[in-house]
Structures are given as structure tokens and as C-alpha cells.
There are 2 protein chains.
Amino acid sequence: MPHAAPADPPALQLSRWLPYRLFIVAARIARPLQSYYGERFELSQPAWRILATIAERAEASASEIAHACALDAFSVSRGIAQLVQRGYAVRGRARADRRRAAVSITAAGRQVFDDIARLGRAIEDALLAEVDAAQRAVLDTLLQRLDAASAQIEAGGWPALLPQAGR
Amino acid sequence: MPHAAPADPPALQLSRWLPYRLFIVAARIARPLQSYYGERFELSQPAWRILATIAERAEASASEIAHACALDAFSVSRGIAQLVQRGYAVRGRARADRRRAAVSITAAGRQVFDDIARLGRAIEDALLAEVDAAQRAVLDTLLQRLDAASAQIEAGGWPALLPQAGR
DNA sequence: TTCAATGCTTGCATATTGCAAGCAATCGAC
DNA sequence: GTCGATTGCTTGCAATATGCAAGCATTGAA
């Protein structure tokens, strides 16, 4: 009898492929939220994330924000500028190291944040409406795993995933 | 004793907010893949999705593709143009209705698809490496739920989520 | 004191995107 | 049939976003 040939991997099917499925859900959720804060408060996606970040801190430097929001330094800088221009944040200087910014939210900014957060919670509620407690717990665990794994994937880049280095 | 005040909703915390968590994972996964097919085959994200879609069909019209890839008609048109230019797809006309395109993958296109799909599977494997069978099953169920819910969310837009219509 | 490194910002050149307008083929009403 | 509306797709242009080089101010190290 012949040697067992290495089994052909199943063809990749877009609609069943985990990264695509995640992406679609994420994109569909983002749209209504984005149109909300875009039309209503003229905020970009980076600006909204930054607003959410400074809403939970007294002060934040640009690099702290960049880390918390998964944004690069350029986007953070521009996002902060947008928030400052609209009166939703103020720039200061950190006492210790005066290169660092010390960005904080204003009262107006907090109002805007609360408004958008209401929609944010509504979206989350709608997503989880028919998901029971047990499943929610699994979801949380899974997201932790996916978060850790995706961080590694990004850090390594594609060469780490195709050790044979492709032809 | 005073009436029970409606409990304040917990403040929205970006890092614990489901849409953000999904988005981060999706974005981090997309990056290495995108840099792979971008650098290697000069494909845009729409073009890669279209390639994956026509890889599983004999022929597809632009609108079929748009539906399968969650892309608008413009992006599909441009994506197809890119694939045709690179020799990965050919445009024809559908026999029945000659307005419709009949796009199909070429041999070269299939080779490229197989190559990228290898990385795609590697990414999926890396994501699920430490997720056991039971959890994978739950993940699948959850994604179906999230998919359905997100479709509704997108269809309704934000007004459907904030019935009181915001001040 | 000097020079490199850090933190952030700005400007510019380059994609991406969204939308109006277009063309060709088909369908429906007459 | 034939005329106008509709559908399917494409193109061009304007607005937008993104990536990157270069800049400034501050700090730290030698």
C-alpha cells in the first residue's frame, strides 16, 4: 500500500475564516457609532478613543494614550488637537518631564463622552442580548486568548508564521 | 425611605468594551496578512477578499462579490480591476444578462490565493492554538450571534439603538 | 558643555474613500 | 415593437486619511 500522503488542508473559505468573521462584526458595529460621533460632534475615530481614554484618567501623556488606544503617535497628536479645538480636552505639560503632554478632559468633553458612551453601551447590550451568562464568561476568556495571541501575531509579523519562509 | 434611584450605569471603559476588544483583535490580525499580500503581490484588502471569493466559485458577478465580501460596488469594481491587471482574474460577461460581469480566477490567481491562504490558515491556527474544542464550539455559536446582532445594528443605525432619540 | 535620545508636532506627498455622473443592457408599459 | 425607467457596473474628481521625513523642545549621559 502507498504511504499516506499528507492530507490536503481544507480550502480557506472566507466566510468561515475566523479573522474575516471577526473583522466583519467589528466593522459593522463601528459604523453606526462612527456616524453618530462623527455627525454629532465632528470627532474622528482616533479622537473618540482618546476621549474615552482621558475620561478615565486625571491626566494622560500622548504616549500613554497611544498605548491605551492602539494608535500611533501621529494619530494621537492629531486626535488631541481635534479634541482641544472642539473644547473637549486641554493640553498641559507634565511637571516632572516637560516634554510629556498632560492631556485632560474638560467638562464639555465629559458630557460628550457620556452621551456617546450611552450609545456604546446600547450597542454592547444589543450584541449580547441573547447571550447568556455562561456564554459571556466564555466570551471573556476567549477574548483574552485572542487578544494575547493577536498581540504575538502582530509582534512577529508574517515571517514568524511561515517558518519555511515561503519560496 | 427614599425611592430607589435608577442605578447609574457603570462608566464605559474602553479596554473592557466589547466592540473595542473585537476591533483591536481584528486590526492586529489584519496587519501582518495585509503587509504580506501587499508587499508580495501588490494587492489591496478588497482585492484579496475578492480573490478569496472567486477562488470558491466558477464565476461571480460584481454584486455577488460585493455581497460575499461586504464591500460596496465601487471597491469591488476597483478590486477586480486590480486583479485583472495583475493577471489574477479575468472579466467576462454573463450569458443571461449581459450587464452582469462574470469574473473568474486564473491559474496564476489560484496560485497566489493558495499562497496567501497558507498564511491565513497559519494565523487562524495561531489564534486558536490554546483554545480547546469545547471553547471553539462556543466561539462559533457566539460569532453567529454576534454576526446576526451586528447585522441588525448596522441595518438600524444608531437611531434604532437610542429610541428616546437623544436630546 | 556637548551630543544623543526622547516626546511630541508639523508638513507634505501618497493612497483611500465617497459620491456624482456616466454608459450599456434590460425590463415594463404601452 | 419603442420609449422611459431601472439595473449593473465603471469612471473621474474632490475630500479625507495615512505614512513618513523632518522639526522643535526637553532631558539625560558623557
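Chain identifiers are assigned alphabetically (A, B, ...) following the order of the sequence lines, protein sequences preceding nucleic acid strands; residue numbering begins at 1 within each chain. Fair warning: this is a prediction, and the values are worked out from it, not measured in the lab.
- Nearer to the 5' terminus of DNA chain C, by closest-nucleotide assignment, is the contact made by Arg78(A) (compared with the other of Gln82(B) and Arg78(A)).
- Between the CG atom of Asp72(B) and the P atom of dC19(C) there is a distance of 9 Å, rounded to whole Å.
- As a whole-Å value, the separation of Phe74(B) CZ from dG22(C) P is 14 Å.
- At a non-hydrogen distance threshold of 4.0 Å, nothing from residues 42-56 of chain B comes into contact with DNA chain C.
- Ile80(A) contributes atom CD1, which lies 4.0 Å from atom CD1 of Ile65(A) (distance to the nearest 0.5 angstrom).
- In summary, the side chains of Asp115(B) and Tyr37(B) do not present any donor paired with an acceptor at a separation below 3.5 Å, with no hydrogens or angles considered.
- For Arg100(B) and dC27(C), the CZ to C1' distance is 13 Å, given to the nearest whole Å.
- Checking dG7(C), dC9(D), dT9(C) against the side-chain heavy atoms of Ser61(B) singles out dC9(D) as nearest.
- Across the protein-nucleic acid pair, Leu71(B) atom CG and dT16(C) atom C1' stand 13 Å apart, rounded to whole Å.
- In this structure, Asp125(B) and Leu161(A) have side chains that are not in contact, with every pair of non-hydrogen atoms separated by 4.5 Å or more.
- Side-chain polar atoms of Arg78(A) and Gln82(A) form no donor-acceptor pair below 3.5 angstrom.
- To the nearest 0.5 angstrom, Leu18(A) atom CG is 9.5 Å from Asp140(B) atom CG.
- Heavy-atom contacts from other residues, nucleotides or ligands closer than 6.0 Å to CD of Gln144(A) number more than 12.
- Within 6.0 Å of CZ on Arg16(A) lie no more than 12 heavy atoms contributed by other residues, nucleotides or ligands.
- Contact annotation: Ser75(A) side-chain N/O to dT18(D) OP1/OP2 distance is not under 4.0 Å.
- By the 30° and 60° cut-offs, the orientation of the rings of Phe41(A) relative to Tyr36(A) is perpendicular.
- Nucleotide dT6(C) holds its C1' atom 15 Å from the CD atom of Glu64(A), rounded to whole Å.
- Atoms CZ (Arg91(B)) and P (dA24(C)) sit 16 Å apart, rounded to a whole Å.
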Going 5' to 3' through nucleotides 24-30 of chain D and flagging B where a protein heavy-atom sits under 4.0 Å of the base, S where only the sugar-phosphate is that close, and - otherwise, we get --BS---
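- Within 6.0 Å of the CD atom in Gln45(A), the count of heavy atoms belonging to other residues, nucleotides or ligands exceeds 12.
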